[in-house]
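Down below is the structure, laid out as structure tokens.
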Amino acid sequence: MYSTDLRTEKEKKSADQQALPTSNLDDANLWDAFQKRIDNGDIIEAKDAMPEKYRATLLRQISQHAHSEIIGQLPEGNWVTRAPTLKRKLILLAKIQDEAGHGLYLYSAAETLGRSRDDMVADLLSGKAKYSTIFNYPAPSWADIGTIGWLVDGAAITNQIPLCRCSYGPYARAMVRVCKEESFHQRQGYEIVTVLAQGTPEQKQLAQDSINRYWWPSLMMFGPSDSASTHSSQNMKWKIKRHSNDVLRQRFIDATVPQAEFLGLTIPDPDLKWNEERGSYDHGDIDWGEFWAVIKDGGACGKDRIRARRAAAKDGIWVRAAAEAYAKKQAAKKQAA
Ligand code: BYC
């Protein structure tokens with residue numbers, strides 16, 4: 001899939017140079033001036049001057065986000081040949097293609113910050129770069145494809161809608177289309193779970209088992225609790241993030257619990273209860289030990305995910321070489337003409 005970049009090496013280098021931001025703001029007065037732009041609601045564009053830390057933090061978040069989209073295709077890809085009907089197979093294929101597109105927009109947005117996609121992908125393949133912990137959990141049943149759409153894409157939309165108003169223009173614009181597509185993904189997932197919940201007792205149990213496995217990891221997608229989040233306060237000041245991890249997690253819980261109740265399914269949290277005073281659900285403690293362990297060791301599937309991406313990168317070498325040779329030929333023809 002990395003073959004979609006048809007630019008020649010020279011064109012890539014020149015685009016990188018043009019896009020390199022002036023990181024001349026690492027001086028207190030200039031930081032203040034930059035903060036004023038942010039406070040005024042200005043949108044920062046690729047060629048604008050920006051503090052090096054702002055550039056680096058965006059590059060970190062956007063590239064992690066891109067990697068998540070690409071790795072996120074893998075658990076779903078395993079179900080393409082086993083989807084129960086032709087229609088389900090087509091819908092799943094379309095969803096997986098959307099994820100590839102999201103990866104593409106996000107790598108492109110990250111490239112505007114001066115790092116090449118090749119370098120970012122190299123970090124993913126070497127195991128240096130992070131991606132969302134949720135994709136290190138296995139998806140052994142068809143119900144998981146429903147749950148991934150309903151809960152995982154549901155959590156993703158809750159987190160990503162505010163990113164459409166992120167202070168960095170190329171990221172914010174990429175998120176608009178991503179969110180529209182994620183909204184379709186969430187509905188297709190909820191529809192799969194609805195059919196199972198209204199089916200035979202065995203089918204309903206399949207859906208329940210899946211929620212039991214995916215509920216807590218979905219809550220972890222929002223990142224550590226606010227007290228343990230290292231980047232939140234600066235990122236909110238810079239309007240990269242608009243809400244804290246805990247605020248968005250709560251928003252997701254409040255929206256999702258009634259959806260489960262409607263289907264007669266149980267959220268696997270004995271401490272979950274409606275808090276009349278807060279107008280919100282209280283919930284049980286999240287196992288942060290599990291979250292950090294999955295980040296550190298890759299959980300049940302981390303090694304497989306990276307192995308699969310390394311194999312894809314190797315299998316695609318000839319495609320990228322062919323695309324590059326074609327682009328060179330076209331450029332030479334154009335020059336000759
Ligand atoms: N998994 O200070 P914090 C999708 C890391 S794709 C792994 O709160 P921040 C989909 C964090 O990176 C969904 N690591 O960080 C695709 C940091 O470590 P470093 C992907 C996590 O950035 C296909 C440390 O913990 N969505 O939905 O302020 C099919 C401290 O965290 C996680 C995005 O990427 C995690 N869950 O906030 C279906 C959204 N959480 O880098 C579906 C964009 C935290 O200092 N990203 N960490 O070593 C964000 O909104 C923010 O980066 C986060 C974290 C809310 C995730």
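Excluded from the calculations below are hydrogen atoms, water molecules and symmetry mates; all remaining heavy atoms, backbone and side chain alike, are included. Just so you know, ligand 1 is whichever comes first in the structure, and atom 1 is the first atom listed for that ligand.
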Smallest heavy-atom separation, Val193 atom then Thr147 atom, equals CG2-N, 3.8 Å
Ranked by distance from atom 11 (C) of ligand 1, the top protein heavy atom is Arg60 NH1, 4.0 Å
Logged contact type for Asn235 with ligand 1, heavy-atom cut-off 4.0 Å, is side chain
The closest protein heavy-atom partner of atom 1 (N) of ligand 1 is Thr133 N, 3.0 Å
Do Asn159 and ligand 1 have an N or O pair less than 3.5 Å apart? yes
Near Tyr171 (heavy-atom distance under 4.0 Å), the atoms of ligand 1 are 43 (C)
- When you look at CZ of Arg177, are more than 12 heavy atoms from neighbouring residues, nucleotides or ligands closer to it than 6.0 Å? no
closest protein heavy atom to atom 4 (C) of ligand 1 is Phe135 CZ, 3.9 Å
Quick check on atom 35 (C) of ligand 1 - does any protein heavy atom sit closer than 4.0 Å to it? yes
Atoms of ligand 1 under 4.0 Å from any heavy atom of Pro224, numbered from 1 in the order shown, are 8 (O), 30 (C), 31 (O), 44 (C)
among protein heavy atoms, the one nearest atom 3 (P) of ligand 1 is Ser229 OG, 3.4 Å
| query | Has Arg310 got more than 12 heavy atoms of other residues, nucleotides or ligands less than 6.0 Å from its CZ? | reply | yes
Is there a donor-acceptor contact under 3.5 Å linking the side chains of Asp271 and His283? no
Given the options Arg305, Arg309, His102, Ile70 meets side chain to side chain contact (heavy atoms under 4.5 Å, CB included) only with Arg309
At under 4.0 Å between heavy atoms, what of His102 touches ligand 1? The answer is neither
Short version for Ile134: what comes under 4.0 Å of ligand 1, heavy atoms counted, is neither
Checklist entry - Centres of the Trp288 and Phe291 rings: under 6.0 Å? => result yes
min-distance protein heavy atom vs atom 30 (C) of ligand 1 -> Thr230 OG1, 3.6 Å
Practice task
State whether the number of non-hydrogen atoms from other residues, nucleotides or ligands found under 6.0 Å of Asp285 atom CG is greater than 12.
Solution key: no
Next on the checklist: Regarding Asn212 and Gln208, do their side chains bring together a donor and an acceptor under 3.5 Å, going by distance alone?
Outcome noted: yes
So for Leu248 against ligand 1, with non-hydrogen atoms under 4.0 Å, the contacting part is neither
Looking only at N/O atoms, are Gln64 and ligand 1 under 3.5 Å apart anywhere? yes
- Query: Does one side chain, of Tyr54 or Ser167, offer a donor that lies under 3.5 Å from an acceptor on the other?
  - Reply: yes
re atom 14 (N) of ligand 1, the protein heavy-atom contact at minimum distance is Ile295 CD1, 3.4 Å
Taking only non-hydrogen atoms of Asn245 and a 4.0 Å limit, the atoms of ligand 1 in range are 8 (O), 55 (C)
Without hydrogens or angle criteria, can the side chains of Tyr137 and Asp144 be said to hold a donor-acceptor pair below 3.5 Å? no
Practice problem: Verify the distance criterion only: is there a donor paired with an acceptor across the side chains of Gln250 and Ser280 at less than 3.5 Å? | Solution: yes
Taking both backbone and side-chain atoms of Gln73, is any N or O found less than 3.5 Å from an N or O belonging to ligand 1?
no
Here the atoms of ligand 1 under 4.0 Å from any heavy atom belonging to Asp153 are 38 (C), 42 (C)
among protein heavy atoms, the one nearest atom 40 (N) of ligand 1 is Gly223 CA, 3.2 Å
Ligand 1 atoms nearer than 4.0 angstrom to some heavy atom of Ala156 are 27 (O)
Within 4.0 Å of some non-hydrogen atom of Met220, the atoms of ligand 1 are 36 (N)
Heavy-atom proximity to atom 46 (N) of ligand 1 ranks first, among Gln160, Gln61, Lys130, for Gln61
Would you say the side chains of His67 and Tyr107 form a donor-acceptor pair under 3.5 Å?
-> yes
**Message:** When you compare the side chains of Ser225 and Asp246, does any donor N or O come within less than 3.5 Å of an acceptor on the partner?
**Reply:** no
Atom 29 (C) of ligand 1: closest protein heavy atom, distance to 0.1 Å, is Glu99 OE2, 3.1 Å
Atom 37 (O) of ligand 1: of Glu69, His243, Lys241, His231, the nearest heavy atom sits on Lys241
Heteroatom distance test (Ser68, ligand 1): nitrogen or oxygen, under 3.5 angstrom: no
Which of parallel (below 30°), tilted (30 to 60°) and perpendicular (above 60°) describes Phe222 and Phe252? tilted
Among Phe222, Phe291, Tyr131, Trp292, the residue with a heavy atom nearest to atom 32 (C) of ligand 1 is Phe291
query: Hey, are Asn245 and Lys241 close enough side-chain-wise for a donor-acceptor pair under 3.5 Å?
result: yes
